[in-house]
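Report on the structure given below.
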There are 2 protein chains.
Amino acid sequence: MTSRDVARVAGVSQATVSLVLGDKWRGRVSERTVAVVRAAAGELDYRPNLAARSLRLGATRTALLVVPALTHEYFARVYAGAAKVADEHGFGVVLYPSPAGIGPARDPFGSARTAIDGVIASSMAADALAAFGDGGLPLVMLDSDPGVPGGPPTVNLAVADGMRQVARHLLGLGHRRIAHIAADVDTWTFRVRTEAVAAELAAAEVPAAPRHAAALNVAAARDAAVRALSAPGPRPTALLCDDDILAAGACKGARALGLRVPDDVSVSGFDDLSLATALDPELTTVRLPAESIGEHGMSALLALLAGRPAPPVELPLTLLPRASTAPAVA
Amino acid sequence: MTSRDVARVAGVSQATVSLVLGDKWRGRVSERTVAVVRAAAGELDYRPNLAARSLRLGATRTALLVVPALTHEYFARVYAGAAKVADEHGFGVVLYPSPAGIGPARDPFGSARTAIDGVIASSMAADALAAFGDGGLPLVMLDSDPGVPGGPPTVNLAVADGMRQVARHLLGLGHRRIAHIAADVDTWTFRVRTEAVAAELAAAEVPAAPRHAAALNVAAARDAAVRALSAPGPRPTALLCDDDILAAGACKGARALGLRVPDDVSVSGFDDLSLATALDPELTTVRLPAESIGEHGMSALLALLAGRPAPPVELPLTLLPRASTAPAVA
DNA sequence: CTGTTAGCGCCTTCAC
DNA sequence: GTGAAGGCGCTAACAG
């Protein structure tokens, strides 16, 4: 099924077929001919050959989405958002699970450079990021340091504000001894979370939250929570966690010490994964508009590709108070 | 950077470059020339243009992986496994989240048919599956009915055996009143689960497990569990769930009725998602080799593409007894 | 052993 | 308003 076949069946030339199917025929092809061509294409179930089109056009209409870990629900949702917008513009999105997490370090541009029009990188570690500086491809950064002027366009979450909301929520419940279960990951998003917590507690003239770092998994968070809750001195009444997975571990840690959540210890998460409502009690957390950031990221890349500017975006976050936080007990 | 540039720099012809870089030069190009070409390619940081190669070869070295939902951890892991094997063979994998879940059916082959060499379909509903029968592309089915002789090759999980292990585990703990919280999804994998449970209880001459269907989410499962536990007659002592998400909901349901897990009610899951160990108590569940099924699926597709037969595969499952199940109380 | 040639399917001038 | 021609970068035949 080539465009030549369609042309033959329609009794016109290949060029005419291209014009009609490319929707560039206004004022160049007669209405009647257009109908004939469309009929022929439908008849033959014609699909343009993408390889040929890419070769001719020098563009592939494909974006690469780089994520630290696809198994994390958040990134799966970012992908869904990006894919939706891409699809609406006849683009595809291919995933590149960055080796930072796991997996072998395939060269992101191994041979893909010629197969890709642009890159969207999400929540990348500072060093892994460097690999994308070159590549010469249009680049959009998601949930990453927007600080670099002249750097790539960014689409960000109001992470600092989100953490501030959590801290205020806890303070409002009367908590004064708050421990911070922090993700032991060196990315912009987590650095900001730590800073926001510190800033907010300082502003409220409350003792700084001791920071207990844990790898991003339940078991590590559990251990960190046990350390936090059995440290010398008065016991924290709240565990503010960098994300929902850590919060799940924190709940387990608290219970391992015979403490009830939220009666004896309040626990807060971040991300609003489906995990947050699978737990019992359900987690107080912050909803991240994951699909939305994916959509904005793809839109920004599309703008870049079209030579239009892509202004920085910052998406607001919403605190969702649920059952894992309660008023502090004296 | 075209192969022509490399040829010019190396002082040879384009064809020679192609032979060398395609590793097809043995006995056709001198060692010395090979070295020169390689040096030139390295110098210029040459990457072959994939679109041109695809056009010439009529193949794209790309497989389509069709999954019901990418946000489900299981499918993300299947993808990871498939991508790994694909990568080792110079193939790529693109995802197609089947609209079965949401949205109208975009044509899976909209324009992708020409951009894809084969399809791997995972856990597809019977009807959604039909759309892939045609397409004329090599097809491998994952976790789907292997019953069709002459049908596409399958890579399967020993789902029935896994459920049997769960049922025996519960029976061994003395449970005689078992309710089945079933996924309300019409796919092979879930039909088999239901049948296996029924068969195993029948074999043990234990009353059939009432089946409570629930959509595949925590809230629906919670409601189903509440129904199961407050149905007339003696209360079930165990809730056997079709998957971990349902089990999470079942635990919430039990607690909502003031029952403790596992002291008053045992709950079992299936899949061994990270959720299983995020919960407290940790779920007794069955581990699915998700990456492995993805790997085997890609291998089977590769075999098909090479004209080799792809024998059916069935992967064994492992029961993981954890804290959510305990001996039945009289 | 190496070079020349042709053509994959498409889109875009340019000429009619 | 329509057709003819060329070339994107690559590889497989075929010459030399």
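The structure displayed is predicted, hence computed values, not measured ones. First the proteins, then the strands, lettered A, B, ... as listed; each starts at 1.
- Within residues 30-44 of chain B, the residues having any heavy atom closer than 4.0 Å to DNA chain C are, in order of number, B/Ser30, B/Thr33.
- Between A/Arg53 atom CZ and C/dC10 atom C1' the separation is 8 Å, expressed in whole Å.
- With hydrogens and angles disregarded, a donor-acceptor distance shorter than 3.5 Å links the side chain of A/Asn156 to the backbone of A/Ser144.
- Rounded to the nearest 0.5 Å, atoms CZ (A/Phe91) and OG1 (A/Thr60) are 7.5 Å apart.
- A straight line from CZ of B/Arg47 to P of D/dC10 spans 13 Å, rounded to a whole angstrom.
- In this structure a side-chain-to-backbone donor-acceptor pair under 3.5 Å is present from B/Asp117 to B/Arg61.
- Backbone-only engagement by A/Gly27 is indicated by non-hydrogen atom pairs under 4.0 Å involving sugar-phosphate atoms exclusively.
- Residue A/Glu88 places its CD atom among more than 12 non-hydrogen atoms of other residues, nucleotides or ligands, all under 6.0 Å distant.
- Atom P of nucleotide D/dA4 and atom CZ of A/Arg4 are separated by 11 Å, given to the nearest angstrom.
- Side-chain atoms of B/Asp143 and B/Ser123 include a donor-acceptor pair closer than 3.5 Å.
- Residue B/Leu21 contributes atom CG, which lies 16 Å from atom P of D/dG9 at whole-angstrom precision.
- For B/Ser13 and C/dG3, the shortest distance from a side-chain N or O to OP1 or OP2 is below 4.0 Å.
- Remark: A/Arg8 engages A/Asp5 in a salt bridge, criterion side-chain N to carboxylate O under 4.0 Å.
- Contact record, A/Thr2 with A/Tyr46: C-CE1, 3.6 Å, taken as the closest heavy-atom pair.
- Between the CE atom of B/Met1 and the C1' atom of D/dC8 there is a distance of 16 Å, given to the nearest Å.
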Open item on the list: Show, in sequence, the C-alpha distance, side-chain angles and deciding distance for B/Phe190 and B/Leu216, and conclude whether the side chain to side chain contact (heavy atoms under 4.5 Å, CB included) test is met.
Closed with: CA-CA 11 Å; B/Phe190 289 117; B/Leu216 214 41; 4.2 Å; yes

Shorter than 3.5 Å, N or O on both sides, protein versus nucleotides 12-16 of chain C: list them out with atom names.
from: C/dT12; atom 1: O4'; to: A/Arg56; atom 2: NH1; distance (Å): 3.1

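- Look at CG on A/Leu50: it is 18 Å from P on C/dC8, rounded to the nearest Å.
- For B/Leu302 against B/Arg308, the heavy-atom pair with the smallest separation is O-NH2, 4.2 Å.
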